[in-house]
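Reckoned from all heavy atoms, side chains included, excluding hydrogens, waters and symmetry mates.
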Amino acid sequence: MNLDVFDPRIYARGIPHETYRRLRDEDPVRWQEEHEVGGWPAGPGFWAVTRHADVAHVLRTPGEYSSWIGATQIRDPDPADLPFVRQMMLNLDPPEHGRLRRIAAKVFTPRRVERFAADVERRARLLVDGIAERGECDLPVDVTDDYPIQNLADLLGIPEEDRGWILEWTNRVIGYQDPEHGGAARGPDGAPVNPRSPAALRDMFEYAHALAAVKRRHPADDLMTALATAEVDGRGLTDPELSMFFFLLVIAGNDTVRSGLPGGIMALLDHPDQHRRLLGHPELLDSAIEEMLRWHPPVLSFRRTAARDTVLAGRPIAAGDKVVVFHASANRDERRFAEPTRFDIARRPNDHVAFGDGPHVCLGAHFARLQLRIFYREFLWRLPDLETAGPPARLVSNFIAGIKHLPVRFTPVSRSDAR
């Protein structure tokens with residue numbers, strides 16, 4: 001059996017759970033070759049970590065497994081780009097990480113997030129209104145792609161006329177290996193250009209600084225104003241830090257929900273008994289959301305780099321080795337979850353790692369859960385006989401468990417009756 005968990009094309013066919021199971025049972029910290037894919041050159045390889053306890057350990061011990069040394073994507077960044085990439089909070093270790101985390105916590109407060117709940121509810125209702133009379137739709141394209149973009153733009157304070165950029169930037173960064181999203185841009189030599197490089201993201205960064213300048217002149221109660229003016233320990237964000245904060249919020253803040261929403265719907269439709277159970281017991285929605293996240297985590301993997309020689313699950317890891325944790329595998333670990341291959345909307349406890357663990361646990365998890373809860377509450381009970389109308393199309397990516405297309409059908413409901 002091929003135990004490759006690197007090739008992004010594998011994930012277009014579905015999350016490779018059987019491969020993960022074999023690795024958890026037989027080789028939970030296994031050396032993975034990093035072969036050439038789509039013009040991207042082969043890399044040095046990495047340790048694939050697949051058990052829940054080991055994934056949690058790696059994420060909780062930045063002194064052993066660093067986000068800063070080689071950043072957090074599987075493929076190595078260009079050495080010339082690495083100093084800039086290291087300005088992002090996601091790619092820092094304590095204590096430097098703590099300063100940016102404190103700025104983020106100061107501006108990304110539950111109060112600020114909850115203030116947008118009414119707008120999120122109205123948007124979910126209008127989006128469902130838009131397809132309610134049709135009796136069918138392509139869920140991501142017609143509904144769920146737009147939902148987190150608009151919510152995030154409200155939170156950031158991005159003007160209506162500029163919001164199309166968010167989807168363009170996200171597809172460019174997240175979908176760069178997927179032909180439907182155009183793949184990666186090519187340089188003069190025909191080699192693919194890293195879409196996360198400063199040069200490839202120049203338009204995003206220029207926009208971020210132009211927006212920050214506007215917010216300083218005309219402050220508002222939004223996240224971009226807060227970021228542009230925030231200070232911790234007497235210092236605000238440097239220009240590169242502001243650029244990378246904007247990148248993190250726009251990409252991660254959008255794609256987590258964008259991937260999680262159709263993934264959760266798909267999980268319910270693949271388990272009609274649990275779908276019916278939820279419709280009859282709406283009080284289970286919060287636990288159902290946690291089970292959907294366990295079942296279909298938006299983020300498949302994250303990379304760390306060994307800061308020193310260490311041992312993980314009996315494997316000697318050399319300083320400088322890449323170590324990649326697989327969230328989707330950890331969430332099905334038989335050592336952590338009772339009957340992990342059973343989808344159970346009332347599962348408790350449910351300590352999945354869909355939003356990570358340790359100092360880098362997802363800062364936007366509260367906002368993501370708010371959006372998921374509001375959307376499911378609006379969508380599922382208004383269209384109770386929802387069913388799949390065709391196979392899903394998944395993103396070519398070993399990073400994000402994206403759903404590009406999910407045809408569904410339902411009994412048409414009039415807009416007025418649906419309200």
For residues 55-62, which side-chain N or O atoms pair as donor and acceptor with protein atoms under 3.5 Å away, sequence neighbours left out?
| unit_1 | atom_1 | unit_2 | atom_2 | d |
| --- | --- | --- | --- | --- |
| H57 | NE2 | E64 | OE1 | 3.2 |
| R60 | NE | D357 | OD1 | 3.3 |
| R60 | NE | D357 | OD2 | 3.0 |
| R60 | NH2 | D357 | OD2 | 2.9 |
| T61 | OG1 | H57 | O | 2.6 |

Should H281 and E283 be marked as a side chain to side chain donor-acceptor pair (under 3.5 Å) after you check the CA-CA gap, both sets of side-chain angles, and the distance that decides it? CA-CA 5 Å; H281 296 276; E283 71 277 7; 3.1 Å; yes
I'd like to know whether D145 forms a salt bridge (charged side-chain N to carboxylate O under 4.0 Å, His left out) with K404, so could you lay out the CA-CA distance, the side-chain angles of the two residues, the decisive distance to 0.1 Å, and finally the verdict. CA-CA 9 Å; D145 278 2; K404 299 183 295 182; over 6 Å; no
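Aromatic pair H360/H97: ring centres closer than 6.0 Å. Taking the ring centroids of F205 and W169, they lie at or beyond the 6.0 Å cut-off. Ring centers of F355 and H327: at least 6.0 Å apart, outside the cut-off.
For the pair D54 and R51, the salt-bridge criterion is not met [side-chain N within less than 4.0 Å of a carboxylate O]. For the pair D4 and R9, the salt-bridge criterion is not met [side-chain N within less than 4.0 Å of a carboxylate O]. The pair E334-R21 does not count as a salt bridge, with every side-chain nitrogen at least 4.0 angstrom from each carboxylate oxygen. Taking 4.0 Å as the cut-off between side-chain N and carboxylate O, R335 and D25 count as a salt-bridged pair. Taking a cutoff of 4.0 Å between a charged side-chain nitrogen and a carboxylate oxygen, E114 and R111 do not qualify as a salt bridge. Using a cutoff of 4.0 Å between basic side-chain nitrogens and carboxylate oxygens, R134 and D142 are scored as salt-bridged. By the 4.0 Å N-to-carboxylate-O rule, R196 lies too far from D81 to be salt-bridged with it. For D255 and R258, the salt-bridge test passes: some basic side-chain N is under 4.0 Å from an acidic carboxylate O. Ion pairing between R125 and E121 fails under the 4.0 Å rule for side-chain N and carboxylate O. For the pair R115 and D221, the salt-bridge criterion is met [side-chain N within less than 4.0 Å of a carboxylate O]. Electrostatic pairing of D129 and R382 counts as a salt bridge here, judged by a charged N lying under 4.0 Å from a carboxylate O. Salt-bridge check for E160 with R163: passed, with a basic side-chain N closer than 4.0 Å to an acidic carboxylate O. A salt bridge between D27 and R315 is present, with a side-chain N of the basic residue lying under 4.0 Å from a carboxylate O of the acidic one.
Here the options are L90, V250, L100, L223, the test is side chain to side chain contact (heavy atoms under 4.5 Å, CB included), and the partner is F245; only L100 passes. Across R369, R347, R373, R348, a single residue satisfies salt bridge (charged side-chain N to carboxylate O under 4.0 Å, His left out) together with E290, and that is R369.
Partners of R342 according to the salt bridge (Lys or Arg N to Asp or Glu O under 4.0 Å) rule, which considers only residues two or more places apart in sequence or in another chain, are E339, D344.
With a 4.5 Å cut-off on side-chain heavy atoms, H52 and V353 count as touching. By the 4.5 Å heavy-atom criterion applied to side chains, S67 and L92 are not counted as neighbours. When side chains are defined from C-beta on, E36 does not count as touching P41, because their heavy atoms never get closer than 4.5 Å. Side-chain contact between T305 and W68: absent, with no pair of heavy atoms (C-beta onward) separated by less than 4.5 Å. Using a 4.5 Å cut-off on side-chain heavy atoms (C-beta onward), E291 and S287 make no contact.
Around atom CZ of R202, no more than 12 heavy atoms belonging to other residues, nucleotides or ligands sit under 6.0 Å away.
Nearest heavy atom pair, residue N331 against residue A354, reads ND2-N, 4.0 Å.
In this structure, R332 is positioned above the aromatic face of W295, its NZ or CZ under 6.0 Å from the six-membered ring centre and within 45° of the axis.
Looking at E387, its side chain never comes within 3.5 Å of a backbone N or O of L269 through a donor-acceptor pair.
The stretch residues 372-399 participates, sequence neighbours left out, in these ring pair (Phe, Tyr, Trp, His ring centres under 6.0 Å) pairs: Y147-F375, F302-F399, F375-F379.
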